[in-house]
Amino acid sequence: MASQAGMIPAPDIELQDMQILFAGLLMGAGTQYDLTEDADFLDMAALKTMDASRDWADGSWTGPDYADVLLPELTIEIWEEGAAGITDSLSAFRRAFTARAEPVPLWVKLPGLDPIGTWAKANKRSIPVTNAFEHLAVADVQWRCPEGTWQSVPRSIQLQASATQVAGLEFPLFADGALNFGTTSQLPSTAVLTNDGNAPAWLVGLVEGPIPAGWSFAVDGHVVRYGEDLAAGQAVTIDYSSGQATLADGNDRSYALLERDFAPVPAGGTSNIAFTAASGQALITTADIWR
């Protein structure tokens, strides 16, 4: 997932088929923003290949391929009954499709499929003025999606600390599910994380104090260990995509990571995770990643 912005938060509404949520603006079915043309949301981005040509033979040495940026395009009809309505709708549309320094979530719900999201910026906005402009505007838009991948809605599982390190390939299977952080019921200390996508997925771990220094996550035996105490009320997020540790107030604590063997959940596969600490709980969030 390797994103500058990290995991994409879940949309704050339940999207219906043929709806798009971008920069807080809901478009598509049931809104005044009709999606009129096919969009290439399922197209694969251009590839950046690490293949290297052979100097003294035909062909090339093969290497890994990576997705370039995505540039999905769409035509949208903005319609209202009166001039005042179209003014408000156009204003909201222009606010969403504006230049910005950082990408924001773009969520898309295609018929019969679960929602998919990516970080995106508005790359183009064209709204020609016609004779019907008082009631109807036709806009062509293009997004620039720097990650080149799509993410499923995040899912979380809560783990209880275990003082004993468990070997990475011997964890029992536990079902993923959205659990309330801080629950006092019996929780597992190990779990199996899944990734049904076709690209590696990087988890996010949230740990809340009080917990003494030295707690760790082990993903398939790859250990990430934190070397500072967390006081009561303190929480630290470990983002496997960026390799950073951050307190809730945004304070960077990456220097406190004593071991940094970050490992993803493989494409189309599973990973075993264990949370080892003297006490406390951790919330582990993952998602499927698609190229």
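Residue numbers count from 1 along this sequence.
- For the pair I8 and T118, the tightest heavy-atom approach, listed with the atom from each and the gap, is CD1-CA, 3.2 Å.
- At least one side-chain heavy atom of P9 sits under 4.5 Å from a side-chain heavy atom of P105.
- For the atom pair CG (N198) and CD1 (I289), the distance works out to 10.0 Å, reported to the nearest 0.5 Å.
- Screening residues 20-30 for side-chain hydrogen bond (donor to acceptor under 3.5 Å, both in side chains) gives no qualifying pairs among residues at least two apart or on separate chains.
- Side chains of Q281 and L159 form no contact here, defined as non-hydrogen atoms less than 4.5 Å apart.
- In this structure, the separation between CD1 on I273 and CD1 on I157 is 9.5 Å, given to the nearest 0.5 Å.
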Check: residues 61-78 side-chain donor-acceptor pairs under 3.5 Å, at least two apart:
{"from": "D65", "atom 1": "OD1", "to": "T49", "atom 2": "OG1", "distance (Å)": "2.7"}
{"from": "E73", "atom 1": "OE2", "to": "Q142", "atom 2": "NE2", "distance (Å)": "2.6"}
{"from": "T75", "atom 1": "OG1", "to": "D140", "atom 2": "OD1", "distance (Å)": "2.6"}

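- Here F41 pairs with W143, W150 under the ring pair (Phe, Tyr, Trp, His ring centres under 6.0 Å) rule; sequence neighbours left out.
- Under the side-chain contact (heavy atoms from CB on, under 4.5 Å) criterion, P266 pairs with S271, not counting sequence neighbours.
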query: Going through the checks in order, is the side-chain contact (heavy atoms from CB on, under 4.5 Å) test met by L193 and T270?
result: CA-CA 5 Å; L193 308 177; T270 62; over 6 Å; no
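- Residue R100 places its CZ atom among more than 12 non-hydrogen atoms of other residues, nucleotides or ligands, all under 6.0 Å distant.
- Side-chain contact between L203 and T285 is absent, with no heavy-atom pair separated by less than 4.5 Å.
- In this view, S152 and R155, A287, D288 satisfy the side-chain contact (heavy atoms from CB on, under 4.5 Å) rule, not counting sequence neighbours.
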field: Test log, rule side-chain contact (heavy atoms from CB on, under 4.5 Å), inputs V236 and W215
entry: CA-CA 12 Å; V236 66; W215 54 267; 3.5 Å; yes
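- Residues F22 and V104 are in side-chain contact: their nearest non-hydrogen atoms beyond the backbone lie under 4.5 Å apart.
- Of all heavy-atom pairs between W119 and P103, the closest is CE3-O, 3.6 Å.
- F93 places a side-chain heavy atom less than 4.5 Å from the side chain of V141.
- Summarising the local packing, CG of D114 is surrounded by 12 or fewer heavy atoms from other residues, nucleotides or ligands at distances under 6.0 Å.
- The salt bridge (charged side-chain N to carboxylate O under 4.0 Å, His left out) contacts involving residues 39-55 comprise nothing, where partners must be two or more places apart or lie in separate chains.
- When all heavy atoms are compared, the tightest approach of D229 to A213 is OD1-N, 2.6 Å.
- In this structure, Q160 contributes its side chain and G280 its backbone to a donor-acceptor pair below 3.5 Å.
- Residues satisfying the salt bridge (Lys or Arg N to Asp or Glu O under 4.0 Å) test with K121, not counting sequence neighbours, are none.
- Residues I284 and G205 come closest through the heavy atom pair CD1-CA, 4.0 Å.
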query: Can you list the steps and then say if I127 with V138 is a side-chain contact (heavy atoms from CB on, under 4.5 Å)?
result: CA-CA 6 Å; I127 311 176; V138 180; over 6 Å; no
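- Within the structure, the salt bridge (charged side-chain N to carboxylate O under 4.0 Å, His left out) test picks out the following pairs touching residues 11-31 (sequence neighbours left out): D17-K109.
- Between N195 and T286, every side-chain heavy-atom pair lies at or beyond the 4.5 Å cut-off.
- Chaining together hydrophobic side chains whose heavy atoms lie under 4.5 Å apart places L47 alongside M44.
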Scan the side chains in residues 253-261 for donor-acceptor partners under 3.5 Å anywhere in the protein, sequence neighbours excluded, and list what turns up.
{"from": "R253", "atom 1": "NE", "to": "E228", "atom 2": "OE1", "distance (Å)": "3.2"}
{"from": "R253", "atom 1": "NE", "to": "Y255", "atom 2": "OH", "distance (Å)": "3.1"}
{"from": "R253", "atom 1": "NH1", "to": "N251", "atom 2": "OD1", "distance (Å)": "2.8"}
{"from": "S254", "atom 1": "OG", "to": "A245", "atom 2": "N", "distance (Å)": "3.1"}
{"from": "S254", "atom 1": "OG", "to": "D252", "atom 2": "OD1", "distance (Å)": "2.6"}
{"from": "Y255", "atom 1": "OH", "to": "E228", "atom 2": "OE2", "distance (Å)": "3.2"}
{"from": "E259", "atom 1": "OE2", "to": "R225", "atom 2": "NE", "distance (Å)": "2.7"}
{"from": "E259", "atom 1": "OE2", "to": "R225", "atom 2": "NH2", "distance (Å)": "3.2"}
{"from": "R260", "atom 1": "NE", "to": "L257", "atom 2": "O", "distance (Å)": "3.4"}
{"from": "R260", "atom 1": "NH2", "to": "S254", "atom 2": "O", "distance (Å)": "2.6"}
{"from": "D261", "atom 1": "OD1", "to": "H222", "atom 2": "ND1", "distance (Å)": "3.3"}
{"from": "D261", "atom 1": "OD2", "to": "H222", "atom 2": "ND1", "distance (Å)": "2.9"}

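- Contact between G148 and A45 at its shortest, heavy atoms only, is O-CB, 4.4 Å.
- When every heavy atom of L136 is checked against every heavy atom of W79, the shortest pair comes out as CD1-CB, 4.0 Å.
- A search for side-chain contact (heavy atoms from CB on, under 4.5 Å) contacts involving A235 returns L206, E208, not counting sequence neighbours.
- Under a 3.5 Å cut-off, the side chain of R125 and the backbone N or O of F97 do form a donor-acceptor pair.
- Counting heavy atoms from C-beta on, the side chains of L35 and I20 come closer than 4.5 Å.
- From L21, atom CG reaches atom CG of L15 across 6.0 Å, with rounding to the nearest 0.5 Å.
- Classification of the Y240-F262 ring pair by plane angle, with boundaries at 30° and 60°, yields perpendicular.
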Please table the atom pairs, donor to acceptor, closer than 3.5 Å between any side-chain atom in residues 23-32 and protein atoms at least two apart or in another chain.
{"from": "T31", "atom 1": "OG1", "to": "G28", "atom 2": "N", "distance (Å)": "3.1"}
{"from": "T31", "atom 1": "OG1", "to": "G28", "atom 2": "O", "distance (Å)": "2.7"}
{"from": "T31", "atom 1": "OG1", "to": "Y33", "atom 2": "N", "distance (Å)": "3.1"}
{"from": "T31", "atom 1": "OG1", "to": "Y33", "atom 2": "O", "distance (Å)": "3.2"}
{"from": "Q32", "atom 1": "NE2", "to": "S89", "atom 2": "OG", "distance (Å)": "3.3"}

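- Inter-residue side-chain proximity for S216 and V224 is flagged as unmet; no heavy-atom pair is nearer than 4.5 Å.
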query: For F217 and Y226, what are the C-alpha separation, side-chain angles and deciding distance, and is it a ring pair (Phe, Tyr, Trp, His ring centres under 6.0 Å)?
result: CA-CA 9 Å; F217 297 131; Y226 191 79; 9.9 Å; no
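- Looking at D239, its side chain does come within 3.5 Å of a backbone N or O of S241 through a donor-acceptor pair.
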